[in-house]
Asks: 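Have a look at this one before I ask anything.
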Amino acid sequence: MNKSTTLRGTGRRKSAVARSMFTAGKGLVTINGREAELPANAAAPLILVGKRDAFDISIKVSGGGLTGQEGAMRHSIANALVDFDADLRPTLRKAGYLTRDDRSKERKKYGLKKARRAPQWSKR
């Protein structure tokens, strides 16, 4: 990978979306325009394949909460790594980093207080 090459990956979890851009570098991480430490959960694919300090990573993440955004970042990083080297796919797949977690909040139904919570019932 030369200096001008950029790798891209997109990841989603719940209602969070993360787009990551990799360039050759020394491990500098930028999240939404600010230098930051990559959360341990999001860095897991990089650690698994031993590329923790091989790239400068720029991530734009939006929507959802902290956990959803962390999961979306992990998914986007794993997808970008596969773009970098297709031989990493089986390793990342086995660890579960390429599978999109499709669980999301269940919608509220009419007649109920929440998705499943019914109003309190009293015989008298």
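Sequence positions, counted from 1, serve as the residue numbers for this chain.
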Asks: Hey, quick one: are I59 and M21 part of the same hydrophobic cluster, counting side-chain heavy atoms closer than 4.5 Å, chains of contacts allowed?
Replies: no
Asks: Report yes or no: does D56 contribute a side-chain atom to a donor-acceptor pair with the main-chain N or O of T23 at less than 3.5 Å?
Replies: no
Asks: Restricting to non-hydrogen atoms, name the atom on P119 and the atom on G111 that form the minimum distance, rounded to 0.1 Å.
Replies: CD-O, 3.4 Å
Asks: Is it true that, when you exclude K108 itself, more than 12 heavy atoms of the residues, nucleotides or ligands shown sit nearer than 6.0 Å to its NZ?
Replies: yes
Asks: Under the side-chain contact (heavy atoms from CB on, under 4.5 Å) test, which residues partner K114, sequence neighbours left out?
Replies: R117
Asks: Using the test side chain to side chain donor-acceptor pair (under 3.5 Å), find all partners of R116 that sit at least two apart in sequence or belong to another chain.
Replies: E106
Asks: When rounded to the nearest 0.5 angstrom, what distance separates CD1 in I77 from CD1 in I47?
Replies: 10.0 Å
Asks: Output a table of donor-acceptor pairs, distance under 3.5 Å, between side-chain atoms of residues 31-38 and any protein atom two or more places apart or on a different chain; print 'none' if there are none.
Replies:
{"from": "N32", "atom 1": "OD1", "to": "V61", "atom 2": "N", "distance (Å)": "2.8"}
{"from": "N32", "atom 1": "ND2", "to": "V61", "atom 2": "O", "distance (Å)": "3.1"}
{"from": "E37", "atom 1": "OE2", "to": "R52", "atom 2": "NH2", "distance (Å)": "3.2"}

Asks: Under 3.5 Å, side-chain donor or acceptor atoms of residues 80-98 against the rest of the protein: list the pairs with distances, not counting sequence neighbours.
Replies:
{"from": "D85", "atom 1": "OD1", "to": "D87", "atom 2": "N", "distance (Å)": "3.1"}
{"from": "R93", "atom 1": "NH1", "to": "T99", "atom 2": "OG1", "distance (Å)": "3.3"}

Asks: How far apart are the closest heavy atoms of A118 and L112, and which atoms are they?
Replies: CA-CD2, 3.7 Å
Asks: Give me the atom names and distance for the closest heavy-atom approach of A115 to K109.
Replies: O-CD, 3.6 Å
Asks: Quick one: side-chain contact (heavy atoms from CB on, under 4.5 Å) partners of A54, sequence neighbours excluded?
Replies: K51
Asks: Mind checking the OG-CD spacing from S122 to Q120? Nearest 0.5 Å is all I need.
Replies: 7.5 Å
Asks: Could you report the tightest heavy-atom contact between R12 and H75, atom names first, then the distance?
Replies: N-ND1, 3.3 Å
Asks: Which residues satisfy the side-chain contact (heavy atoms from CB on, under 4.5 Å) test with D101, sequence neighbours excluded?
Replies: R13, R103
Asks: For residues R74 and P45, determine if any side-chain heavy atom of one lies less than 4.5 Å from a side-chain heavy atom of the other.
Replies: yes
Asks: Any idea which heavy atoms bring G64 and Q69 closest together, and the distance?
Replies: O-NE2, 4.1 Å
Asks: Compare every heavy atom of A16 with every heavy atom of A72, then report the nearest pair and how far apart it is.
Replies: CB-O, 3.9 Å
Asks: Does any non-hydrogen side-chain atom of T10 lie less than 4.5 Å from one of R19?
Replies: yes
